[in-house]
Amino acid sequence: MSETLKVVENATCTFCGCVCDDMELTVEGGRITKAKNACVLGKAWFLNHHVEDRPVAAIEGRAATLEEAVERAAQILARARYPIVYGLSDTTCEAQRVAVGIADRIGGCVDTTTSVCHGPSGMAFQGVGEVTCSLGEVKNRADLVIFWGSNPAESHPRHFTRYSVMPKGLFVPNGRKDRTVVLVDVRRTKSAAAADVFLQIKPRKDFEALWALRGLIKGVKLDPGIGDSIGIPLAQLEDLGRRMKSCKFGVLFFGMGLSMTRGKHLNAEAALALARDLNRYTRFVAKPMRGHGNVTGADNVVSWQTGYPFGVHFGRGYPRFNPGEFTTVDTLSRGEADAALIVSADPMSNFPQPAREHLQRIPVIVLDPKLSETAKVAAVSFTTATYGINVAGTVYRMDDVPIPLRPAFESPYPSDEKVLRAIDERIRNLQESA
Ligand code: SF4
């Protein structure tokens with residue numbers, strides 16, 4: 001590996017859904033030593049990245065060649081009766097596309113980490129639709145910015161400065177001074193310091209509050225008792241409703257505090273319906289705060305290829321979407337899946353016990369740059385290069401804008417896309433010769 005110093009300008013950080021594409025990376029001796037413009041999370045992502053000294057592949061924990069591991073993975077997937085493909089939010093769209101093709105070829109399920117974060121929002125989009133915009137429009141136009149059930153100060157540190165709160169824009173020339181920022185959450189998080197108005201809602205009362213706002217903006221008189229029920233006095237809710245109707249361009253960013261608490265997709269539907277209603281009076285959008293670097297890309301790619309964003313089953317030869325039935329936590333917890341292809345995800349670290357136990361009973365194939373907990377129990381594991389740092393390609397920012405990756409240096413390991421293509425090709429050969 002070259003010891004010379006190299007500077008990569010306009011590189012892209014894929015650590016969170018902000019996908020900041022203004023990084024200036026200094027590379028020395030196969031390591032990133034400086035990451036100018038990165039936030040604290042981005043710096044940790046870049047500066048702690050090092051290529052692990054592991055075999056390119058392992059079968060049952062023993063080192064194997066790439067070809068041997070591809071053969072074994074293809075045999076497992078081609079023979080399985082209920083295979084699942086899961087993960088995909090920390091890899092390129094190019095790799096995601098091949099993974100969806102494999103699920104289609106083997107008649108399995110394809111599901112992404114969306115199903116354990118903003119899956120309910122994906123269901124709400126299908127049910128209600130989405131009034132949307134890019135983060136560039138937010139930067140240039142938004143004079144009312146509401147964060148609901150999300151804490152960007154800690155989860156998306158540059159969101160405020162790059163897109164939503166601080167920047168000066170075409171129609172908000174004074175930046176922060178031209179915007180009103182509201183935070184609705186069950187506790188006073190670090191993001192509250194950036195807000196003009198903080199509304200502390202009672203836990204699990206989001207749907208009621210959003211529905212009450214829908215009523216208020218339509219002129220419905222509400223019982224003052226609603227305040228006690230949701231934790232926000234009616235006068236404050238009325239004030240928020242007035243601000244929403246009278247702003248020039250409003251945006252409601254909602255996080256997992258909305259999508260993964262009681263009500264789930266109904267909460268997200270209420271937020272989307274509220275934004276839709278507000279367009280009778282002004283321009284208003286609602287957008288989810290997406291977490292993983294390319295989880296939005298996963299939603300897009302799975303949607304292009306199947307018509308649905310996650311939790312899709314190809315067992316009948318055509319795509320069927322049914323969250324709760326075809327989502328990975330469920331297929332594993334019920335003991336239905338008989339093989340798993342896991343790409344850039346670590347379900348052994350974060351899935352519930354019954355799902356983890358079943359993963360240990362079935363053959364698992366893992367593609368990951370790190371020796372994850374899931375890679376440790378895998379029948380076949382591949383060490384792959386890290387997207388964005390070692391691999392070029394495309395990722396989608398949280399507002400569905402595709403961003404190119406400019407890798408900093410080469411990895412000795414193959415990309416997810418290369419490994420997946422080899423597995424797909426071998427499965428096709430096996431199927432043709434059967
Ligand atoms: S905000 Fe997110 S994408 Fe931007 S530098 Fe920080 S971690 Fe990376």
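Remember, it's 1-based here, ligands and their atoms both numbered in the order they're listed.
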- Query: Parallel under 30°, tilted from 30 to 60°, perpendicular over 60°: which one fits the rings of H49 and W45?
  - Reply: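 The arrangement is tilted - the two ring planes meet at 30° to 60°.
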- Ring centre gap for F15 and H292 strictly below 6.0 Å: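 Ring centres of H292 and F15 not closer than 6.0 Å.
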- Task: Assert yes or no for the condition that the ring centre distance of F198 to F147 is strictly below 6.0 Å.
- Result: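 No.
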- For V19, take its heavy atoms, then give the atoms of ligand 1 lying under 4.0 Å from any of them.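 What qualifies from ligand 1 is 3 (S).
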- State the atoms of ligand 1, each with its element, that fall below the 4.0 Å cut-off from a heavy-atom position in F15.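 Once the distances to F15 are compared, the set is 7 (S).
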- Message: Under 2.8 Å from atom 8 (Fe) of ligand 1, can any N, O or S atom of C18 be found?
- Response: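 C18 does not place any N, O or S atom closer than 2.8 Å to atom 8 (Fe) of ligand 1.
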Protein heavy atom at shortest distance from [atom]:
atom	result
atom 4 (Fe) of ligand 1	C20 SG, 2.3 Å
atom 8 (Fe) of ligand 1	C13 SG, 2.3 Å
atom 2 (Fe) of ligand 1	C16 SG, 2.3 Å

- Could you walk me through whether Y86 and F351 pass ring pair (Phe, Tyr, Trp, His ring centres under 6.0 Å), step by step? CA-CA 12 Å; Y86 175 74; F351 270 21; 5.2 Å; yes
- Query: Under 2.8 Å from atom 2 (Fe) of ligand 1, is there an N/O/S atom belonging to H159?
  - Reply: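 Within the cut-off used here (under 2.8 Å), H159 places no N, O or S atom near atom 2 (Fe) of ligand 1.
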- Hey, is there an N, O or S on C39 sitting under 2.8 Å from atom 6 (Fe) of ligand 1?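 Of the N, O and S atoms in C39, at least one lies under 2.8 Å from atom 6 (Fe) of ligand 1, which means yes.
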- Message: I'd like to know whether V366 forms a side chain to side chain contact (heavy atoms under 4.5 Å, CB included) with F382, so could you lay out the CA-CA distance, the side-chain angles of the two residues, the decisive distance to 0.1 Å, and finally the verdict.
- Response: CA-CA 6 Å; V366 172; F382 295 89; over 6 Å; no
- Message: For R204, I'd like to know if atom CZ has over 12 heavy atoms of other residues, nucleotides or ligands within 6.0 Å.
- Response: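 It does not: R204 CZ has 12 such atoms or fewer within range.
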